[in-house]
Amino acid sequence: MTVRVRFAPSPTGYPHIGNVRTVVFNWLFARQQHGAFVLRIEDTDQERFVRDALRVIEDSLQWLGLDWDEGPGKGGNCGPYVQSQRLQIYQQKAEELVSMGKAYRCNCSQERLDTIREAMRAEGKTPMYDGLCRDKPAGAVSKDESHVIRLKVPREGITTFHDVLRGDISIENALLDDQILLKSDGFPTYHLAVVVDDHMMQISHVMRGDDWIPSTPKRILIYQAFGWTPPIFIHVPLVLGADGKKLGKRHGATSVDEFRRAGYLPEALVNFLALLGWSPGEGEQQEIFSREELIARFDIAHINLAPAVFSYDKLDWMNGQYIRKMGEEELLERLIPYWQDAGLIETPVATETLPTLRILVPLVQERLTTLRDVVALTDFVFQEVAEPPVEALVGKAMTVEQSLEAILAVQRLLGGLVQFAPDSMEEPMRSLAKELGLKPGQLFGIVRNAVTGKAVSPPLFGSIQAVGRERTLKRLETAEHVLVAHIEATKAA
RNA sequence: GCCCCCAUCGUCUAGUCUGGUUAGGACACAGGCCUUUCAAGCCUGGUACAUGGGUUCAAAUCCCGUUGGGGGCACCA
């Protein structure tokens, strides 16, 4: 069998990480089976349509490297792949069901529906349509008046479908509503459109969140009404937020685009998502998998059934792992947009800025959790730093006078260096510390505060080199003034 | 309320199908080493089979109940 799977988002919002995890599963499966991964846009809800959602969906998939074989921008033999361009198909199919007696027209008003639902809820029953129009003679509701088309769900019996992971799942038909297939605006509902499209697009496997399980029997009935064979169903567990609820808009940064902006690498995100609800099993202890390894090893049988809580801790760790094993040139390329977005460097990058960036990359590589972390880590190189408070310039167990002496000595040392590079700084600085009767850490600490404006920074000598001789000396001078001012103020008091 | 699904460390999970393990790994956490800060890296440690009944020589594993969690019940997808 040719494997054909699809991702069928609705352009009512941006793709969030829970859905994307399921997309990853589909994509891996398609690639492994040399099948097709189809992107289909389910824009049948006119009211909730979000203008740029389609673009963001495409961008997000592209950024993640989850390429589609058929769909918007790609074409294919089963198009169009946007449901709003397939309205005649759905209308025709709905009419077919009406003429076969499997569906009927209903002109009940919204108010009536609300009323009966409320009444049923009050009785403690599942709210559903009472079937008023179902029992009317054919033609009682005119084709020309405003109406919907509903499926005539059998009143008795049980509908069963097979799920690859859970086996057979059954529900009593009496519990199923006479679902609407075609809305009064001529658009299909999800249930009709998805069945028609999955069938016409020859989708072989439907892999999606298990929140769809309860509505699957409805769709089975539609397949049966048409006399079609349903696809193979694989319901995968949902991704939950830290609060244990289905991941959604209320969980903060959950859209793919936000992960990109936050500085996560697409390859790390894909790796992480693949392992959220799936594992290679068989005692495998590897955690970092290349895209090729994931494609080769993914298997449906090892998908876990319990929902998974999305936690940033492991993603952060994994992102760091990817950053650390990256080549320096590549990391540089990837970091540049973050420096630019923060306004620390020019766009495009000036030629004279590059050497500074090249100094910084190896210094930050093992200190980054996300790419964006580079901003806070290196901002002192690109912008002026605030005048440090005197406490920051006086090391532990040191006097202010000692600090001043040290700062002055460092000024002389760095000012006189022939090569302004870490290798030329380290030994003299260590000797200097010894001469001053200080531990290296004491000396380096106050110099760090003076030059970077931070108590915590990338390695000191590389940082000094990146700041440059002139600005380093200027910052040391500022530190000198702070110390002198403090000494004089103390004397005066 | 009704229906459906699920249940191993705090989190992601291996092990469950085909009963016999000191219940393994990763993240996080704690301690240590390294060290110019912070990281990274290395070492060590604690923490889990929801619960009650079966079946069996033997149950995380098979069966039933309970509890807990999640999801679904639209002219939304």
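What you see is a predicted model; the values in this text were computed from it and never measured. In what follows, chains are A, B, ... by sequence order, proteins preceding strands, each numbered from 1.
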Tell me what [X] touches on the nucleic acid: a base, only sugar-phosphate, or nothing, going by heavy atoms under 4.0 Å.
{"X": "T126(A)", "value": "base"}
{"X": "Q83(A)", "value": "nothing"}
{"X": "N449(A)", "value": "nothing"}
{"X": "S279(A)", "value": "sugar-phosphate"}
{"X": "E123(A)", "value": "nothing"}
{"X": "K245(A)", "value": "sugar-phosphate"}
{"X": "H147(A)", "value": "nothing"}
{"X": "G277(A)", "value": "sugar-phosphate"}
{"X": "L460(A)", "value": "base"}
{"X": "E42(A)", "value": "sugar-phosphate"}
{"X": "P237(A)", "value": "nothing"}
{"X": "G445(A)", "value": "nothing"}
{"X": "I169(A)", "value": "sugar-phosphate"}
{"X": "S457(A)", "value": "base"}

Task: 5' to 3' contact window, RNA chain B with chain A (heavy-atom distance under 4.0 Å) - done: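 Range of nucleotides touched by chain A: G1(B) to A77(B).
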Side chains of [Y] and [X]: any donor to acceptor distance under 3.5 Å?
{"X": "T22(A)", "Y": "N19(A)", "answer": "no"}
{"X": "D43(A)", "Y": "Q83(A)", "answer": "no"}
{"X": "D316(A)", "Y": "T369(A)", "answer": "no"}
{"X": "T378(A)", "Y": "W339(A)", "answer": "yes"}
{"X": "D45(A)", "Y": "Y190(A)", "answer": "no"}

- [ ] Please check if the side chain of E118(A) supplies one atom and the backbone of T115(A) the other of a donor-acceptor pair under 3.5 Å.
- [x]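 Pair absent, no side-chain N/O of E118(A) close to backbone of T115(A).
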Task: Polar side-chain atom of N26(A) near backbone of M207(A) as donor-acceptor pair, under 3.5 Å - done: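 It does hold such a pair.
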Between [M] and [N] - [atom1] atom distance, rounded Å:
{"N": "G70(B)", "M": "C75(B)", "atom1": "P", "result": "26 Å"}
{"N": "U21(B)", "M": "C62(B)", "atom1": "P", "result": "16 Å"}
{"N": "C3(B)", "M": "C12(B)", "atom1": "P", "result": "29 Å"}
{"N": "C57(B)", "M": "G52(B)", "atom1": "C1'", "result": "23 Å"}
{"N": "C9(B)", "M": "U47(B)", "atom1": "C1'", "result": "5 Å"}
{"N": "U56(B)", "M": "G15(B)", "atom1": "P", "result": "28 Å"}
{"N": "C5(B)", "M": "G19(B)", "atom1": "P", "result": "25 Å"}
{"N": "A26(B)", "M": "C17(B)", "atom1": "P", "result": "26 Å"}

Open item on the list: Centroid separation under 6.0 Å, is that true for the rings of F25(A) and W278(A)?
Closed with: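 So the answer is no for these two rings.
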Task: Name of the residue among T189(A), D197(A), T44(A) meeting side chain to side chain donor-acceptor pair (under 3.5 Å) with Y90(A) - done: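 Passing option: D197(A).
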Which base, if any, makes a Watson-Crick or G-U wobble pair with [N], both distances under 3.5 Å?
{"N": "U36(B)", "result": "none"}
{"N": "C73(B)", "result": "G1(B)"}
{"N": "A7(B)", "result": "U67(B)"}

Task: Which residue lies more 5' along RNA chain B, comparing S170(A) with G441(A) via nearest heavy atoms - done: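 Taking each residue's closest nucleotide, the earlier one in sequence belongs to S170(A).
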Open item on the list: Return whichever of A8(A) or V309(A) has its heavy-atom-nearest nucleotide of RNA chain B closer to the 5' end.
Closed with: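 The 5'-side residue here is V309(A).
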Open item on the list: Check R112(A) with D130(A), please: is the shortest side-chain N to carboxylate O separation under 4.0 Å?
Closed with: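 So D130(A) pairs with R112(A) through a salt bridge.
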- [ ] Mind running a 4.0 Å heavy-atom check of residues 366-373 of chain A against RNA chain B and sending the residues that fall below it, in number order?
- [x]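 Under 4.0 Å from RNA chain B: E366(A), R367(A).
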Task: side-chain contact (heavy atoms from CB on, under 4.5 Å) against P230(A), all qualifying residues, sequence neighbours excluded - done: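 Applying side-chain contact (heavy atoms from CB on, under 4.5 Å) to P230(A) gives I220(A), Y223(A), F233(A).
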